[in-house]
Amino acid sequence: MQNRHEDPHQHHGHDHHGHEAEGSALPEIALRVKALESILVEKGYVDPAAIDAIVETYETKVGPRNGARVVAKAWSDPAYLSRLRTDATAAIAELGFTGRQGEHMRVVENTPPVSGKPGRHNLVVCTLCSCYPWSVLGLPPIWYKAAPYRAKAVIDPRGVLADFGVTLPKATEIRVWDSTAELRYLVLPLRPAGTEGWSEDRLADLVTRDSMIGTGLALTPGARRPGEAA
Amino acid sequence: MNGAQDLGGMMGFGPVMPEQNEPIFHAEWEKRALGITLCCGALGEWNIDVSRHARETLHPADYLSSSYYEIWTKALVKLLASRGLVSPEELVAGRSLVPPKATRPPLHVADVPARLKAGGPCDRPLDRAPRFQIGDRVRTINFHPTTHTRLPRYARDKLGVIEARQGSFVFPDTNAHGKGEDPQWIYSVVFKGTELWGADSDPMLSVAIDLWEPYLEPA
């Protein structure tokens, strides 16, 4: 189930070049989806342009930069943080982020250790399907929907964090949120040290998608984003 | 139901495998699968709980060996057949064989932004008081329905504490089976790791689960 990809030809969009002969090289599921779409369009149930518009929305408009703006504002503006705590859906909507799979938002805050009280790290999962806050993070990554993460997050979250190269102090509380209902969770990561006085735009660049799921931490100033070339 | 979707606590799947420079879609067909799933949902022939139940009733071996967009597609095929929208014969033939059924109008491209922006809120007013207060100790029920439920197996018959009240929402256990929305209070219930997983659990672990009132008894 994890990272099951098909023929590498697909990754280069060869099915767009219009070579009919390549149709036979498509994996069965691709042919099935193609047949299904064509019947749905023929029967008038589906407008193919609507599919394009949905895809374009999640490829170009709705993604983790939305969530990063929420986090950066929460770090910078105590009044905004207070509104996020009281009504996260409304506070997030102030920035224009609303809609599908973000109708009922909750923000959960990572906290540092304070005078003997342990810090807390939050991690979000949906063990039963793939519930995810689309309006602030876009579509979920493949690993979030796959069995290893959904199985392991609730029983061995430190093991999951290790899979992401993250180690937390033993004394840190780990709180896992299993999104069984229609509430959607955004993690507010700890603000990195050395960012005093930074603008919201600069801060937002430190906020990774994984830090808002809880499988990562916000970047420290000067660090490379995960996946960036050295 | 105790299907393959109920994965919390299962072992043997190996490590989580984050991808470097992960694409939003891994193939063109995934884009179309997302689009047709959302567009067919807009026809109003089923709700999100029916959809989820269609996915979890895939054979466990099929579920566990399918990617998530494959799961969506297989469930969509089942739903389209069960509602008389697209028959298995039509899928084999690759074309329409009978006239379309009357549904809500299809989602038009011009309405996509507004529809995605609006979403589908599931909170519903409820004119009875919540049974539990913040801080109450509760025990989850022990049940194994063959029908849809959102109380995961790993959290059944467990002691927890109500940490927050989340409002009143559609109840999936009825809504997935044409028995109405039957709104119920939802609570954020917190369980210690040791309660869920025993003495070997990480002592610093707690799990919060959003649970509908019928899943809970006073403890």
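Naming: A, B, ... by sequence-line order, numbering from 1 per chain.
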Which bit of [X] comes within less than 4.5 Å of chain A, counting heavy atoms only: side chain, backbone, both or neither?
{"X": "D202(B)", "value": "side chain"}
{"X": "T103(B)", "value": "side chain"}
{"X": "L116(B)", "value": "both"}
{"X": "D123(B)", "value": "both"}
{"X": "I186(B)", "value": "side chain"}
{"X": "A33(B)", "value": "both"}
{"X": "I36(B)", "value": "both"}
{"X": "V112(B)", "value": "side chain"}

So, [X] side chain and [Y] main chain: donor-acceptor pair closer than 3.5 Å or not?
{"X": "K43(A)", "Y": "L85(B)", "answer": "yes"}
{"X": "E42(A)", "Y": "R95(B)", "answer": "no"}
{"X": "D47(A)", "Y": "H108(B)", "answer": "no"}
{"X": "R150(A)", "Y": "Q5(B)", "answer": "yes"}
{"X": "K170(A)", "Y": "M204(B)", "answer": "no"}
{"X": "W29(B)", "Y": "E28(A)", "answer": "no"}
{"X": "H104(A)", "Y": "C122(B)", "answer": "yes"}
{"X": "T98(A)", "Y": "K117(B)", "answer": "yes"}
{"X": "D163(A)", "Y": "V16(B)", "answer": "yes"}

If we define contacts as heavy-atom pairs under 4.5 Å, which of [options] has the most with chain B?
{"options": "S38(A), G44(A), P157(A), S130(A)", "value": "S130(A)"}
{"options": "T127(A), I51(A), V33(A)", "value": "I51(A)"}
{"options": "A35(A), G159(A), A53(A)", "value": "A53(A)"}
{"options": "A50(A), G102(A), A151(A)", "value": "A151(A)"}
{"options": "L128(A), T89(A), N122(A), V55(A)", "value": "L128(A)"}
{"options": "V108(A), V160(A), I54(A), V154(A)", "value": "V154(A)"}

For residues [X] and [Y], report the shortest heavy-atom separation together with the two atoms involved.
{"X": "P152(B)", "Y": "T180(A)", "answer": "CG-CG2, 3.9 Å"}
{"X": "V109(B)", "Y": "A49(A)", "answer": "CG2-O, 3.4 Å"}
{"X": "E19(B)", "Y": "W143(A)", "answer": "N-CD1, 4.5 Å"}

With a 4.5 angstrom heavy-atom cut-off, is it the side chain or the backbone of [X] that approaches chain B, or both, or neither?
{"X": "T215(A)", "value": "neither"}
{"X": "D52(A)", "value": "both"}
{"X": "L36(A)", "value": "both"}
{"X": "P118(A)", "value": "side chain"}
{"X": "S135(A)", "value": "neither"}
{"X": "A171(A)", "value": "backbone"}
{"X": "Y144(A)", "value": "neither"}

Please rank [options] by heavy-atom pairs under 4.5 Å with chain A and give me the top one.
{"options": "P203(B), G193(B), P121(B)", "result": "P121(B)"}
{"options": "V77(B), L196(B), V190(B)", "result": "V190(B)"}
{"options": "A155(B), A110(B), G94(B)", "result": "G94(B)"}
{"options": "S201(B), A118(B), G120(B), P99(B)", "result": "G120(B)"}
{"options": "G9(B), P105(B), A93(B), G14(B)", "result": "G9(B)"}
{"options": "L211(B), L34(B), L38(B), D6(B)", "result": "L38(B)"}

Above 12 or not: heavy atoms from other molecules or residues under 6.0 Å from NZ of K192(B)?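 Incorrect, the count does not exceed 12.
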I'd like to know whether NZ of K101(B) has more than 12 heavy-atom contacts from other residues, nucleotides or ligands below 6.0 angstrom.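 Buried by this count: over 12 neighbours within 6.0 Å.
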Euclidean distance, [Y] [atom2] relative to [X] [atom1], rounded to 0.5 Å:
{"X": "K31(B)", "Y": "E56(A)", "atom1": "NZ", "atom2": "CD", "result": "10.5 Å"}
{"X": "W72(B)", "Y": "C129(A)", "atom1": "CH2", "atom2": "SG", "result": "9.5 Å"}
{"X": "Y149(A)", "Y": "F13(B)", "atom1": "OH", "atom2": "CZ", "result": "15.5 Å"}
{"X": "I39(A)", "Y": "L97(B)", "atom1": "CD1", "atom2": "CG", "result": "8.0 Å"}
{"X": "S188(B)", "Y": "L183(A)", "atom1": "OG", "atom2": "CG", "result": "8.0 Å"}
{"X": "C40(B)", "Y": "Y45(A)", "atom1": "SG", "atom2": "OH", "result": "9.0 Å"}

Lys/Arg cation over aromatic Y69(B): K145(A), 6.0 Å, 45° cone: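 Satisfied, under 6.0 Å and within 45°.
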State which residue, out of V125(A), V176(A), I155(A), L123(A), fulfils the side chain to side chain contact (heavy atoms under 4.5 Å, CB included) condition with V207(B).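 Among V125(A), V176(A), I155(A), L123(A), the one meeting side chain to side chain contact (heavy atoms under 4.5 Å, CB included) with V207(B) is V176(A).
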Anything in residues 160-173 of chain B with a heavy-atom distance to chain A below 4.5 Å? Please list those residues in order.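 If one takes a 4.5 Å heavy-atom cut-off, the residues of residues 160-173 of chain B near chain A are E163(B), Q166(B), F169(B).
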For D178(A), is there an ion pair with R150(B) - N to carboxylate O distance below 4.0 angstrom?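 No, R150(B) and D178(A) are not salt-bridged.
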Between E182(A) and R52(B), is there a salt bridge with N-O shorter than 4.0 Å?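 So R52(B) pairs with E182(A) through a salt bridge.
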Take D210(B) and R184(A), measure what salt bridge (charged side-chain N to carboxylate O under 4.0 Å, His left out) needs, and give me the verdict at the end. CA-CA 10 Å; D210(B) 291 319; R184(A) 295 290 169 267; over 6 Å; no
Taking C-beta and beyond as the side chain, do W177(A) and I209(B) meet within less than 4.5 Å on heavy atoms?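 Not in contact.
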Looking at side-chain heavy atoms only, is the closest gap between Q101(A) and I48(B) below 4.5 Å?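 Of all side-chain heavy-atom pairs linking I48(B) with Q101(A), at least one is under 4.5 Å.
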Would you check, one step at a time, whether the test salt bridge (charged side-chain N to carboxylate O under 4.0 Å, His left out) holds for E28(B) with K34(A)? CA-CA 10 Å; E28(B) 284 301 312; K34(A) 207 171 192 175; over 6 Å; no
